[in-house]
Novice: 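After the structure tokens below, expect a handful of questions from me.
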Amino acid sequence: MAAPKPITRLISHVILDLDGTLLNTDCIVSQVLKPFLVKNGKRWDSKNAHKYVGKTPYEAAAVVLEDYGLPYSTEEFLSLINPMFSEQWGNLKALPGANRLIKHLKSSRVPAAIASNSSRSNIESKISCHQGWKEYFSALVGADEVELGKPSPEIFLEAAKRMNADPSNCLVIEDSVPGVTAGKAAGMHVIAVPSVPKRTDEFSSADEIINSLLDLKPEKWGLPPFNDWIEGTLPIDPWFIGGPVIKGFGRGSKVLGIPTANLAAENFSDILSEHTSGVYFGWAGLSKRGIYKMVMSIGWNPYFDNTEKTIEPWLLHGFDEDFYGEELRLVIVGYIRPEANFPSLESLIERIHEDGRIAENALDLPEYAKYKDSPYLRNPLQQGASADGNEAEPEFI
């Protein structure tokens, strides 16, 4: 990730994009468009999804019509799909770090606004299901309240105006290229959190590029720092996944000397879209063996240039034999660092072992050790429990 460029003035206000920055809208887009395209004899291509990021609804609709050759005008298309999207706004999940950031800014008394290419009414609908969001923001600005949406700077300038803030004292956090362009054109400092993988080179105009909101360091911008890191780790709301161990790429044991217990990523497409790439840790339960400490990478592993996002847990225990096919349960409780590339295989291996040491020590802390007793790690799959571990865990969640 790119280091921030030096700032010359203190940041006093923060302006946040909504879709793809605070809320995970990617899965909703595919859930709505997939069946609509099937009805029209077309097939959804996820590789085109990046074309819609950061655009106004009208612009995005025009691109969809062109890509798939649909026989509608833009207005007709929007009239058909807008009701479908509206039904889903209440199901949008906050992206990792979003609630943490909003609570931190609120407790630090830092004024903030939302500036989005969505309409004002859609912004209000989307945030209404997230406790405390609507009450916190000093201003909400939609594309229908200005002449031009992003990449025009109008939305951001209007947000600053409504907060009585000087644009040069505003920090913008954006996931799209049009949003970054708009923020810089408004004379503001901009942090990019790219929502489309492997395209960080397109965000070079941003003052800083980070992997996710979990990696945000407010103190770099003159804002109060987070104080929730514990010995190099960040506690997160736990999440649960499980499934049979499969054979992976064969590089864990053979190339890295670090055997990983791989899960089939295609079974976890929804949960992978909800969680940013990076290095996490927690507890692993093997149905026939016991419970072990675990560190895990999620992402594309840049050194090996994966084409698909993977889940690769490393159980911090020496096993004498393989256990392919055995049921593996994971409770992920903390975050260590963003995914990164490395100049050599040796440096990658060194960093993986360092991640293991950090996880090993952290899991002895009460904050994380309590999850070792999670029933999810021990019980066989219960009736109605899904492979992504979304069954209720009231004593921990």
Side-chain angles (χ1 to χ4, degrees), residues 1 3 96 197-198 210-212 214-215 217 228-236 238-239 241-242 245-263 265 268 272 275-286 289-306 308-324 326 328-372 377:
M1 297 294 104
K198 298 187 175 185
I210 59 176
N211 185 63
S212 79
L214 297 176
D215 305 303
K217 304 294 184 185
D228 49 359
W229 284 82
I230 306 173
E231 296 189 13
T233 66
L234 177 64
I236 60 174
W239 43 288
I241 55 175
V245 177
I246 65 168
K247 289 190 177 183
F249 296 98
R251 61 181 179 231
S253 298
K254 296 176 183 177
V255 179
L256 300 173
I258 301 169
T260 54
N262 296 281
L263 295 173
F268 309 103
L272 281 175
H275 295 280
T276 184
S277 60
V279 177
Y280 298 80
F281 65 95
W283 296 97
L286 282 169
R289 298 169 192 269
I291 296 174
Y292 308 93
K293 295 177 177 179
M294 174 273 302
V295 65
M296 174 180 75
S297 73
I298 295 180
W300 291 266
N301 290 299
Y303 184 83
F304 295 103
D305 196 24
N306 286 4
E308 300 293 336
K309 202 173 185 181
T310 62
I311 307 172
E312 298 185 35
W314 175 27
L315 276 57
L316 301 175
H317 179 81
F319 293 94
D320 297 328
E321 58 185 352
D322 294 329
F323 40 85
Y324 296 125
E326 190 168 334
L328 174 66
R329 298 291 197 87
L330 303 176
V331 178
I332 298 94
V333 300
Y335 176 77
I336 296 176
R337 64 173 177 86
E339 187 174 53
N341 204 350
F342 293 86
S344 66
L345 184 63
E346 291 73 21
S347 60
L348 170 59
I349 293 172
E350 182 180 356
R351 184 62 228 237
I352 293 174
H353 281 285
E354 175 63 17
D355 294 332
R357 287 189 290 271
I358 291 172
E360 180 89 38
N361 294 330
L363 287 166
D364 289 331
L365 300 172
E367 175 73 28
Y368 303 119
K370 62 185 179 182
Y371 293 103
K372 185 178 181 180
L377 293 170

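All values below come from the heavy atoms of this structure, side chains included, with hydrogens, waters and symmetry mates left out.
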Novice: Please tell me if the side chains of V279 and I358 come closer than 4.5 Å, counting only heavy atoms from C-beta onward.
Specialist: no
Novice: Out of curiosity, L377 CG to K372 NZ, how far, rounded to the nearest 0.5 Å?
Specialist: 10.0 Å
Novice: Let me know which of Y335, F281, Y280 forms a ring pair (Phe, Tyr, Trp, His ring centres under 6.0 Å) with Y368.
Specialist: F281
Novice: To the closest 0.5 Å, what do you measure between CG (L214) and CG (L234)?
Specialist: 6.0 Å
Novice: Identify the heavy atoms of M294 and A359 that sit nearest to each other, and give their distance.
Specialist: O-CB, 4.3 Å
Novice: Could you walk me through whether D322 and V245 pass the side chain to side chain contact (heavy atoms under 4.5 Å, CB included) check?
Specialist: CA-CA 10 Å; D322 294 329; V245 177; over 6 Å; no
Novice: Tell me every residue that passes side-chain hydrogen bond (donor to acceptor under 3.5 Å, both in side chains) with Y292, counting only those two or more places apart in sequence or in another chain.
Specialist: none
Novice: Taking S277's backbone N and O only, do any of them form a donor-acceptor pair with N211's side chain (distance below 3.5 Å, no angle check)?
Specialist: yes
Novice: Going by the rule side-chain contact (heavy atoms from CB on, under 4.5 Å), which residues pair with R357 if we only count those two or more places apart in sequence or in a different chain?
Specialist: H353, E354
Novice: Hey, does I210 have a side-chain heavy atom less than 4.5 Å from the side chain of P338?
Specialist: no
Novice: Under a 3.5 Å distance rule, please check whether K293 uses its side chain to pair with a backbone N or O of E360 as donor and acceptor.
Specialist: yes
Novice: Shortest non-hydrogen contact from W314 to G356?
Specialist: CZ3-CA, 4.1 Å
Novice: How far apart are the closest heavy atoms of W283 and I291, and which atoms are they?
Specialist: CE3-CG2, 4.0 Å
Novice: What are the two closest heavy atoms between L363 and G282, and how far apart are they?
Specialist: CD1-O, 3.2 Å
Novice: Answer yes or no: is there a side-chain heavy-atom contact under 4.5 Å between I236 and P96?
Specialist: no
Novice: Any heavy-atom pair between the side chains of R337 and R351 that's under 4.5 Å?
Specialist: yes
Novice: Rounded to the nearest 0.5 Å, what separates atom CG in L263 from atom CD in E312?
Specialist: 10.0 Å
Novice: Is it the case that more than 12 heavy atoms not belonging to E326 sit under 6.0 Å from its CD atom?
Specialist: yes
Novice: Working to the nearest 0.5 angstrom, can you tell me the gap between T276 OG1 and I298 CD1?
Specialist: 8.5 Å
Novice: Do T233 and N361 have side chains that get closer than 4.5 Å, going by heavy atoms?
Specialist: no
Novice: If every non-hydrogen atom of S344 is compared with every non-hydrogen atom of S347, which pair is closest and at what distance?
Specialist: O-OG, 2.8 Å
Novice: So does G299 get a backbone contact from the side chain of T310, meaning a donor-acceptor N/O pair under 3.5 Å?
Specialist: yes
Novice: I need the M296 CE to I336 CD1 distance, nearest 0.5 Å.
Specialist: 10.0 Å
Novice: Going from CG on L328 to CG on N262, what distance comes out if it is rounded to the nearest 0.5 angstrom?
Specialist: 10.0 Å
